[in-house]
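Written below as structure tokens is the structure these notes are about.
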Amino acid sequence: MNGYNFLIDTHTHIDGKDFDEDRDDVIKRAITSNIKYMINVGGTDILEGSKRAVKLSKEYDNIFATAGQHPQDADTHLDIDTLYKLANEPNVVAIGETGLDFYKDWSDFDKQKELLKTHIEIAKSVNKPLIIHSRNSGKDAVKILKECNASKVGGVFHCFSESLEIYNEIEKLNFIVSFTGVITFKNANKVRETVKKIPLSNIMVETDAPYMTPEPFRGTRCEPAYTLYTAKMLAQIKECSLEEVMNITTSNAVRLFKLEDKINK
Ligand SMILES: [Zn+2]
Ligand SMILES: [Zn+2]
């Protein structure tokens with residue numbers, strides 16, 4: 001078959017201390033499991049996670065980085081000069097994760113909205129897509145993306161948990177979605193129903209490691225190698241082969257993050 005025969009973990013956080021003991025092994029295990037590339041998303045520890053992501057992307061050819069300040073940290077002042085500098089790094093393939101999280105009051109909602117707007121402006125100025133984290137906040141996120149013309153750069157709603165109505169809105173705005181190990185959870189029928197209705201051409205896979213560990217490893221630390229289990233579940237839901245899931249989700253990632261010249265086929 002002509003196409004991609006490997007997966008990309010499009011959203012992972014292996015820069016954090018959970019991986020300090022065995023990061024190199026974790027990366028090797030991912031490659032052995034046919035997860036040839038990873039996108040280490042910035043967004044932990046204010047901007048420190050983004051800095052560590054860039055560092056990792058320089059150390060490993062198969063790791064790309066993103067830069068952003070998570071909505072949970074919206075109460076902390078944004079060091080915009082540092083974010084701009086990180087955003088311009090050649091290995092930084094997206095801006096985020098940014099977005100809105102109204103699940104709990106992690107941080108002031110208005111400040112989250114302002115922070116999201118700033119990230120959209122930066123994404124447009126460096127012409128890189130956005131990684132959106134949206135929890136119980138789909139309508140507000142859509143409103144801001146529209147207002148700020150985010151469709152110019154597009155992006156992904158990661159660990160998608162919003163409704164199909166929200167999907168239909170973001171699709172028009174040039175955004176796709178990605179799914180984590182959540183789709184393997186026994187109690188996740190509702191998410192699986194949503195997956196069924198979204199075309200594979202608009203879906204990517206991710207781990208969000210160290211979180212969202214898929215079955216059968218739930219309860220342990222998540223790592224990029226487990227992307228395979230999410231991809232297998234996706235194949236099951238879509239009633240297609242794992243090969244097809246690999247080819248299409250990887251094509252989607254290559255297209256969104258403009259990886260064509262950065263990876264080996
Ligand atoms: Zn997130
Ligand atoms: Zn994340």
Side-chain angles (χ1 to χ4, degrees), residues 8-19 23 26 30 35 37-54 56-57 63-76 83 86 92-107 109 111-113 115-116 119-120 123 128-138 140-142 144-145 150 155-162 166-167 170 175-183 185 188 191 194 203-214 221-224 226-227 230 253 256-257:
I8 300 180
D9 182 356
T10 60
H11 189 122
T12 189
H13 302 280
I14 56 168
D15 58 280
K17 58 181 182 307
D18 297 85
F19 296 98
R23 186 170 294 108
V26 165
I35 322 302
Y37 295 92
M38 288 150 250
I39 297 180
N40 194 102
V41 171
T44 48
D45 302 328
I46 322 297
L47 289 180
E48 291 309 306
S50 304
K51 290 181 197 164
R52 290 192 299 255
V54 169
L56 270 181
S57 74
I63 297 182
F64 301 105
T66 80
Q69 185 162 317
H70 200 282
Q72 287 183 21
D73 293 323
D75 287 338
T76 305
L83 183 52
L86 291 164
V92 165
V93 296
I95 304 307
E97 59 189 291
T98 179
L100 305 172
D101 193 323
F102 298 165
Y103 179 65
K104 283 185 187 161
D105 53 354
W106 308 105
S107 61
F109 293 173
K111 284 186 183 159
Q112 290 191 29
K113 291 178 186 172
L115 189 60
L116 169 57
H119 279 76
I120 298 171
K128 292 178 183 178
L130 286 150
I131 295 184
I132 302 289
H133 170 112
S134 175
R135 213 166 167 203
N136 292 7
S137 58
D140 292 84
V142 165
I144 292 173
L145 294 179
V156 55
F157 272 55
H158 100 94
C159 195
F160 190 67
S161 62
E162 303 286 359
I166 296 295
Y167 166 75
I170 65 169
F175 279 76
I176 64 174
V177 297
S178 65
F179 291 102
T180 60
V182 167
I183 65 168
F185 294 178
V191 185
T194 311
I203 294 176
M204 301 189 298
V205 284
E206 58 161 311
T207 55
D208 205 11
Y211 317 107
M212 309 298 177
T213 315
R221 180 191 70 175
C222 188
E223 60 173 73
Y226 298 167
T227 310
T230 300
L256 181 69
F257 298 115

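Whatever order the structure lists ligands and atoms in, that order sets their numbers, starting from 1.
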In terms of relative ring orientation, are His158 and His11 parallel, tilted or perpendicular, with 30° and 60° separating the classes?
parallel

Closer than 2.8 Å to the Zn ion (ligand 2): does that hold for any N, O or S atom in His158?
no

Can you say whether the rings of His133 and His70 are parallel (under 30°), tilted (30 to 60°) or perpendicular (over 60°)?
perpendicular

Do Lys51 and Asp45 have side chains that approach each other closer than 4.5 Å (heavy atoms only, starting at C-beta)?
no

Below 2.8 Å, can you find an N, O or S atom of His11 next to the Zn ion (ligand 1)?
no

If only side-chain N and O atoms count, and only distance matters, is there a donor-acceptor pair under 3.5 Å linking Glu223 with Thr207?
no

Given the Zn ion (ligand 1) as the apex, I'd like the angle to OE1 of Glu97 and ND1 of His133, rounded to 10 degrees.
100°

The Zn ion (ligand 2) to Asp208: nearest N/O/S atom name
OD1

